[in-house]
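Every number for a ligand or one of its atoms is a count from 1 in the order of the listing.
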Amino acid sequence: MQLQKLISELELLAPSSYQESYDNAGLIVGSSSMKINKALICFDVTEEVLEEAKSIGANLIISHHPIIFSGLKKLNGKNYVERIVIAAIKADIALYAMHTNLDNVILGTNRILAEKLGLKNLQVLAPIKGRFRKLIIFCPVDHAENVRTAIFDAGAGHIGKYDQCSFNAKGQGSFRAGDHTKPFVGEQNKIHFEEEVRIETIFPDYLEHKIIAALKKAHPYEEVAYDIFKLENESSELGAGIIGDLETAESEVDFLQNLKEITEAEGIRYTKLRNRNIKKVALCGGSGAFLIHKAKAAHADVYITGDVKYHEFFDADGKIVIADIGHFESEQFTKELLISYINEKFPTFAVQISDRNTNPINYL
Ligand SMILES: [Zn+2]
C-alpha cells in the first residue's frame, strides 16, 4: 500500500493540523509516495523499536511521540534522536507520529483511557475554539441539491453527531456578465436576476481546500459566489482532556486501586482524599497539569494525568483528588487505539504493536 493512503485514513481520525503549535506530529522520516509492506506501532521510537521493525520487515513505524521535536542542525549520531533518524533513513523505514492531534480529538488518546476506566457521557474537558468556518454559497435553485451533496461529501455540514447540516433560504441574485464571459444563465452586458438558494453550512478549517474544490466543481456558474467566515464556536469533539461519569460511584480508595490495576501503574501519586465517593472523573493523558483548574471547574471528583510537579499538587486545594499515574501509563493505550483503527480500515494490511517497553522510568 502507498503510505499516503494510510496517512489519509489516519488524518480522518486525527488531522495533523489539530496538533499543538509546539508539536511535530506527522510524517517525520520517509516519503508519502513510498510503498509500505508492514507497520509497527509503538509509543516512543527507540533504537530497540527500530531494530524490532527491521527484524519483522516493517518499513513504517507509527508512534505517539514524535522522535524529532525541535530542529536538528547536525546528523552525526551524537545522541539517540540523531542515531534513530540516521538508522531509519539508512533502513528506508518511514516514521510517522500522531501526538497532540490524537490527544485533541474526542475519539483519541483520552477516550481510550476513559473507556478502560468505564466512563460514560464523555465530553471534552477543554474544548478548542475557532477551528470552524462558516461557508455561504449562492446557487441557482435547480443546482442546490447537487452543490450541497458535493460539499457534504467533502466534509462540510458536520455538527457533533449530526451531518448534512445546512440552512437554505431562497432569494434573488443579480449579476451582469462582462465581455469574454460565458454566463450559465443570462446574456453578456445585460443585468440578470436569477432565483437562487443561499446555502449556509460549516466546516473544520483544515478541509477548506477540499470543500472549495468540490464546490467549484459542482457549481454551474463561471464565477462561484461564496463567503467564508471564521467562527468562534467551540467544538464538542475537539480539545484537551476528557470528562465522564462512572456508572456507579466508588469510594476513593477502591477507585484508585482499580486505576492502578487497569493501567498497571507501579505507583500513583495522589493528593489528600476528601472522604467522598468518586463519580465524575476528568483525565488527560501525558503531561496534563495545565488542566487541573478545568477539572476543578467541571466539578470532577478526581483528575487523572501524568507529570504533575510538587507545587501543582497543591492546586487540588481540597476540591478534587489529583492522581498522577505516570506519563507512559496514562497514554499507553494509544497503541491499541491505533491498531484497532488501522485493522478496521485496512483488514488485510500487516500491522502489529511493538513488544518493547519504551517507558524510560523505573520504580524501586
Ligand atoms: Zn505523551
Are the charged groups of R276 and E252 less than 4.0 angstrom apart, N to O?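 Looking at E252 together with R276, the answer is no, because their closest N to O distance does not fall below 4.0 Å.
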When the ring planes of F184 and Y221 are compared, do they come out parallel, tilted or perpendicular, using 30° and 60° as the limits? tilted
Among residues at least two apart in sequence or on other chains, which ones pass ring-ring contact (aromatic ring centres under 6.0 Å, His included) with H99? H64, H65, F69
Run through the protein N/O/S atoms less than 2.8 Å from the Zn ion (ligand 1) and write them out by chain and number.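 H65 NE2, H327 NE2, E331 OE1, with waters left out.
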Under the side chain to side chain donor-acceptor pair (under 3.5 Å) rule, collect the residues that match up with E194, sequence neighbours excluded.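 Side chain to side chain donor-acceptor pair (under 3.5 Å) check on E194 returns H192.
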Is the positively charged end of K296 above the ring of Y303, judged by distance under 6.0 angstrom from the centroid and angle within 45° of the axis? no
Any side-chain hydrogen bond (donor to acceptor under 3.5 Å, both in side chains) involving residues 120-133? Give me the pairs, sequence neighbours left out, ordered by first then second residue. N121-D245, R131-D205
